[in-house]
Amino acid sequence: MERMDLLYQKFCREEFDKNGVLCGFCPVVPEDFNFAYDCVDYIADHEPDRRAMVWCDDKGRQRTFTFRDMSRYSSQTANLLAAGGVKRGDRVLVILKRHYQFWFTILALHKLGAVIIPATNLLTKKDIVYRANAAGISAVVCTADGEVSQAVEAAEPEFAAPVEKYLVHGSREGWHDFDRELEDCSPEFPRVPGKASDPMLLYFSSGTTGYPKMVLHDHTYAIAHIITARHWHNVVPDGLHLTVADTGWGKAVWGKLYGQWFCGAGVFVYDFDKFAPKDLLHKIQQYRITTFCAPPTIYRFFIKEGMEGYDLSSLVYATTAGEALNPEVYNRFLEYTGLRLMEGFGQTETVLSLANLVGSTPKPGSMGKPSPLYQIAVVDSDGVPVSTGDVGEIVIRADGPTVGLMMEYYQDPEKTREAWHDGWYHTGDTVWQDEDGYFWYVGRTDDVIKSSGYRIGPFEIESVLMEHPAVLECAVTGAPDPVRGTVVKATIVLMKGYTPTPELTKELQDYVKHQTAPYKYPRIVEYVAELPKTISGKIRRVELRRPDGR
């Protein structure tokens with residue numbers, strides 16, 4: 001009998017080194033590959049009762065879905081959307097928070113051959129108008145929770161073309177009642193012909209400057225995430241994996257869908273509005289989560305909450321990405337759980353690019369080594385490879401179609417050429433590589449601070465400052481200086497109980513001087529109530545670099 005937890009092996013060839021660490025990965029892509037049909041429906045046909053998802057919310061509701069359930073509900077959703085006119089190639093905006101209907105919808109759109117545009121419920125009218133018209137959407141599937149459906153209605157008069165609207169968790173005039181109408185739809189949906197090279201997924205990637213770019217992926221993107229789940233998350237086939245991410249962000253499909261289901265693992269989804277460390281720790285204990293992934297901030301909150309009172313013995317593996325991981329968080333989590341945090345790195349435009357893969361020995365604070373999916377180099381501004389220890393930009397060999405790498409910035413050939421030229425995709429992220437081949441993050445290419453002849457990466461200083469008990473959040477930028485040209489500036493949000501004083505400023509400056517090279521300490525320290533951020537939570541350093549700091 002075919003093992004569904006090994007289904008992923010049909011779609012790749014793997015090689016391992018003498019220590020059992022993945023060192024070679026060759027995707028095997030059928031010409032007509034479609035994740036919804038070839039993974040979800042396939043498992044539903046062969047092992048229908050295999051657990052696909054455990055979902056719960058902050059109101060006490062809970063549901064468990066098998067692969068048979070996911071196959072059936074996604075086909076019903078495909079019929080519902082098709083009846084409203086959604087067809088192959090259409091772009092559909094999906095704003096569903098962590099509702100389980102998101103999974104019905106994304107699989108349905110894959111089956112239809114339409115392109116899903118996941119988005120956050122934090123979008124305003126202006127955000128929605130821009131996304132709808134830039135992508136040319138034909139439909140929107142939206143939650144009734146909060147005010148985002150009203151924002152869609154307010155935006156609608158400015159849409160370039162009519163848009164079909166579907167509402168989840170409620171009914172509203174002018175909208176299809178998704179949940180009610182779904183019940184009347186057939187669970188049978190014949191396979192729609194398509195190619196693996198067809199567009200599948202479009203993300204608006206919020207940068208720190210300008211309007212968000214539209215990152216377009218084809219159906220092969222799902223196969224590339226086998227590495228994410230199998231060789232970084234280390235998912236347990238009959239366990240439950242929890243990645244902390246809203247479905248509006250790319251990290252959701254990294255950790256709540258493609259790779260996990262290829263490996264036959266269940267995903268755990270906690271549908272909540274306001275993050276509370278104690279609630280998430282309780283869910284890990286209650287549902288016996290086996291593998292866990294979250295940004296370092298979540299782990300910091302866990303540690304400040306106090307993990308001693310929770311039974312986390314079900315956890316067998318933990319990973320992190322998204323921001324600097326400082327050694328204190330790594331060591332404290334190791335003390336509490338016995339687990340080493342395995343850091344990784346990737347972008348909306350890529351899948352996992354650098355990582356401490358399963359079986360490797362991590363260096364706390366390092367993003368690890370290149371994924372065997374990609375050929376990666378570190379180059380200077382002229383595209384010349386830099387020496388070990390020198391700072392340069394991460395680039396990925398891309399002189400042809402590369403599985404896991406975006407197709408293009410949709411409808412923006414200029415931005416595509418800026419990022420993709422001379423046979424390489426330029427990530428815009430800078431690093432240095434040590435003598436053992438580990439990569440260490442420095443910052444975005446436009447975030448590197450040049451002061452008195454030194455090149456200073458903000459992430460390293462931010463990581464040090466975050467270790468100080470007074471600091472809740474911080475951002476490091478360069479500020480103009482008549483003598484040095486540029487000096488290091490730290491903009492800090494303090495923890496409750498701390499107030500800005502000259503004494504605290506000196507304490508923080510001295511702390512940085514003693515934790516890293518003295519020339520890196522912030523000569524300017526500014527305290528703010530909150531940091532300016534993009535809709536996706538990235539710090540807008542461009543605002544902090546302005547003379548008025550606004």
Side-chain angles (χ1 to χ4, degrees), residues 205 207-211 213 215 324 344-355 365-409 412-462 476-481 484-489 516-517 519-520 538-542 544-545:
S205 180
T208 53
T209 60
Y211 283 108
K213 294 171 288 191
V215 178
F345 167 83
Q347 298 181 310
T348 307
E349 292 88 342
T350 72
V351 292
L352 188 70
S353 308
L354 303 167
S366 165
M367 298 183 295
K369 298 181 179 181
S371 161
L373 178 64
Y374 294 130
Q375 180 184 341
I376 287 177
V378 182
V379 302
D380 63 18
S381 57
D382 295 320
V384 178
V386 302
S387 302
T388 298
D390 289 343
V391 174
E393 181 187 12
I394 305 170
V395 293
I396 298 173
R397 172 65 72 182
D399 46 9
T402 303
V403 171
L405 184 61
M406 69 171 180
M407 301 172 69
E408 62 182 359
Y409 289 120
D412 197 338
E414 183 179 345
K415 286 289 186 186
T416 303
R417 283 193 297 269
E418 286 177 9
W420 203 331
H421 56 85
D422 302 319
W424 296 90
Y425 163 67
H426 291 251
T427 65
D429 285 294
T430 58
V431 297
W432 61 274
Q433 189 176 11
D434 69 19
E435 63 281 358
D436 297 320
Y438 287 80
F439 283 63
W440 301 79
Y441 193 69
V442 175
R444 296 291 295 171
T445 50
D446 56 357
D447 288 338
V448 175
I449 303 163
K450 298 175 182 177
S451 179
S452 300
Y454 294 107
R455 289 171 59 88
I456 302 168
F459 250 47
E460 184 178 5
I461 306 169
E462 289 168 1
V476 169
T477 55
D481 181 82
R484 295 174 175 83
T486 303
V487 295
V488 175
K489 173 187 174 183
T516 187
Y519 68 83
K520 298 180 182 179
K538 297 177 184 175
I539 296 169
R540 285 186 56 84
R541 288 183 174 81
V542 65
L544 298 174
R545 284 194 292 264

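Keep in mind that this is a model prediction, so the values were computed, not measured. Counting begins at 1 with the first residue of the sequence.
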**Prompt:** Would you find a donor on one side and an acceptor on the other, under 3.5 Å apart, between the side chain of Asp422 and the backbone of Trp424?
**Reply:**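 Side chain of Asp422 to backbone of Trp424, a donor-acceptor pair under 3.5 Å: no, none is there.
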
**Asked** Is the backbone N or O of Ile394 less than 3.5 Å from a side-chain atom of Thr427, with the two atoms forming a donor-acceptor pair by type?
**Response**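 Such a contact is found between Thr427 side chain and Ile394 backbone.
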
**Asked** Pairs in or reaching into residues 367-379: which pass side-chain hydrogen bond (donor to acceptor under 3.5 Å, both in side chains), with residues at least two apart or in two chains?
**Response**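 Output for this query is empty, none listed.
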
I need the [X] [atom1] to [Y] [atom2] distance, nearest 0.5 Å.
X	Y	atom1	atom2	result
Glu349	His426	CD	NE2	13.5 Å
Leu373	Ser353	CG	OG	8.0 Å
Gln433	Leu354	CD	CG	9.0 Å
Thr416	Glu408	OG1	CD	5.5 Å
Ile449	Lys489	CD1	NZ	11.0 Å
Trp440	Trp432	CH2	CH2	6.0 Å

Hey, does [Y] have a side-chain heavy atom less than 4.5 Å from the side chain of [X]?
X	Y	value
Ile376	Phe439	yes
Leu405	Trp420	yes
Ile461	Pro458	no
Tyr425	Met406	yes
Val391	Val431	no
Asp380	Asp390	no
Val379	Val384	no

**Step-by-step side chain to side chain contact (heavy atoms under 4.5 Å, CB included) determination, Phe345 to Asp429** = CA-CA 10 Å; Phe345 167 83; Asp429 285 294; 3.4 Å; yes

**Message:** Tyr409 vs Glu414, test: side chain to side chain donor-acceptor pair (under 3.5 Å). Steps then yes/no.
**Reply:** CA-CA 9 Å; Tyr409 289 120; Glu414 183 179 345; over 6 Å; no

**Request:** Please step through side chain to side chain contact (heavy atoms under 4.5 Å, CB included) for the pair Ile396 and Thr350, ending with a clear verdict.
**Result:** CA-CA 10 Å; Ile396 298 173; Thr350 72; 4.0 Å; yes

